[in-house]
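Here the structure is a predicted model, which means the values were calculated and not measured.
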Amino acid sequence: MAAADQPKLIVAADAEALAQAAAERVMARIAANPGRIAICLTGGSSPKKLYQLLGSDSWRGRIPWDRVHWFIGDERFVPDSDPLNNMAVARAAFLDRNAPSGHIHPIPTTTESPGRSAEAYARELAAFYGSEKLDPARPLFDLVLMGAGPDGHTASLFPGYPEIEEATRWVVGVPRANVAPFVPRVSLTLPTLASCREMLFEIAGHDKQPILTRLFNGETLPALRARSNGETVWLVDEAALPEGIRGPR
Ligand code: 6PG
């Protein structure tokens, strides 16, 4: 994991330290861009501590809310009133109290199908970006947050599913999930997620050790295939680290 094109591994002592380190990286990406900033959030349990931190009194004052736009990398196809809704979790944790409402960009889930939602979100992303073609020299996002599921999925790109191979569309509907919750999903595709200055994985807890071991062994699962065109960082806590591996801190 040391070569330039490999993810950079950063080890944190525990889930608290990991959230702190993630928050520092969010701030660094914000500080690096004096203009309009785009951050793509993720779902699942891993980012919850980070979201709480960003909404806390000690951090929220450091964020230039009027310059930051918040997107989401994947969504469960459930109403935003459902606790499974990824953006609703982020909104409740920190966005609604701080971000201008026009800067929060949820994936719509009130359309007739995940495919329609994907089309609508692709249009929204392209309108924000100002083009329907991604230019490698001009990333869509400053930062993309990611997680890794027990089967090696990331966003809602599951191993062996056709959506992981999508090379053209920005966003896809995923009719069937490979792991719980078994609700249809909508997901940004690998090329869209790659269009960022930094892709930051948060991987914490002993439950993650088996999948992290497989990823370290180079299994070409979605979480390993997801790479930024810029920097890819795996922020991992001690408990998730495969046996015998000690990473740089
Ligand atoms: C989702 C996520 C998903 C998540 C991983 C890890 O909608 O479920 O976006 O890709 O990041 O499944 O989830 P945990 O953080 O809960 O382990």
Using a 4.5 Å cut-off on heavy atoms from C-beta on, say whether the side chain of [Y] contacts that of [X].
| X | Y | value |
| --- | --- | --- |
| V186 | V174 | no |
| L221 | L215 | yes |
| L235 | L200 | yes |
| E119 | T111 | no |
| V144 | F201 | no |
| I107 | F71 | no |
| T154 | R225 | no |
| W170 | L188 | no |

Nearest heavy-atom pair of [X] and [Y]: which atoms, and what distance?
| X | Y | answer |
| --- | --- | --- |
| P210 | D207 | CD-O, 3.4 Å |
| P242 | T213 | CB-OG1, 3.5 Å |
| S117 | P108 | OG-O, 2.5 Å |
| C196 | S228 | O-OG, 2.9 Å |
| I164 | P222 | CD1-CB, 3.5 Å |
| Y51 | A93 | CB-CB, 3.6 Å |

Is there a chain of hydrophobic side chains (I, L, V, M, F, W, Y, each step under 4.5 Å between heavy atoms) that links [X] to [Y]?
| X | Y | value |
| --- | --- | --- |
| L41 | V89 | no |
| I37 | L50 | yes |
| I211 | V179 | no |
| L241 | I10 | yes |
| I104 | Y121 | yes |

Please confirm whether the backbone N or O of [Y] pairs with a side-chain atom of [X], one donor and one acceptor, at under 3.5 Å?
| X | Y | answer |
| --- | --- | --- |
| D237 | G205 | yes |
| T42 | G73 | no |
| H206 | A239 | yes |
| K208 | P150 | no |
| D142 | I39 | no |
| R227 | T232 | no |
| S187 | D74 | no |

side-chain contact (heavy atoms from CB on, under 4.5 Å) between L134 and L140, worked out: CA-CA 7 Å; L134 291 168; L140 170 58; 4.0 Å; yes
side-chain hydrogen bond (donor to acceptor under 3.5 Å, both in side chains): pairs with one or both residues in residues 124-140, sequence neighbours excluded: H105-E124
Enclosure of R62 CZ (heavy-atom neighbours >12, cutoff 6.0 Å): yes
Within 6.0 Å of CZ in R67, more than 12 heavy atoms from elsewhere: yes
Test item: side-chain donor near acceptor, S195 and T192, under 3.5 Å: no
Salt-bridge criterion met for [X] and [Y] (N-O under 4.0 Å):
| X | Y | answer |
| --- | --- | --- |
| R185 | E75 | no |
| D96 | R91 | yes |
| K49 | E16 | yes |
| E202 | K48 | no |

Criterion salt bridge (charged side-chain N to carboxylate O under 4.0 Å, His left out) on R29 and E24, from CA distance to verdict: CA-CA 9 Å; R29 283 294 158 191; E24 293 292 357; over 6 Å; no
Derivation and outcome, side-chain contact (heavy atoms from CB on, under 4.5 Å), residues L193 and M146: CA-CA 9 Å; L193 294 163; M146 298 283 253; 3.7 Å; yes
Stepwise side-chain contact (heavy atoms from CB on, under 4.5 Å) test for E163 and R169: CA-CA 10 Å; E163 295 84 15; R169 285 179 293 168; over 6 Å; no
Step-by-step salt bridge (charged side-chain N to carboxylate O under 4.0 Å, His left out) determination, K8 to E198: CA-CA 11 Å; K8 176 178 175 188; E198 175 174 335; over 6 Å; no
The single option from N85, N86, D82, T109 passing side chain to side chain donor-acceptor pair (under 3.5 Å) against R76: N86
Cation-aromatic face contact R36/F128, 6.0 Å, 45 degrees: yes
Verdict with reasoning, M199 to V233, per side-chain contact (heavy atoms from CB on, under 4.5 Å): CA-CA 6 Å; M199 180 181 286; V233 178; over 6 Å; no
Within the 6.0 Å centroid threshold, strictly below: F94 and W70: yes
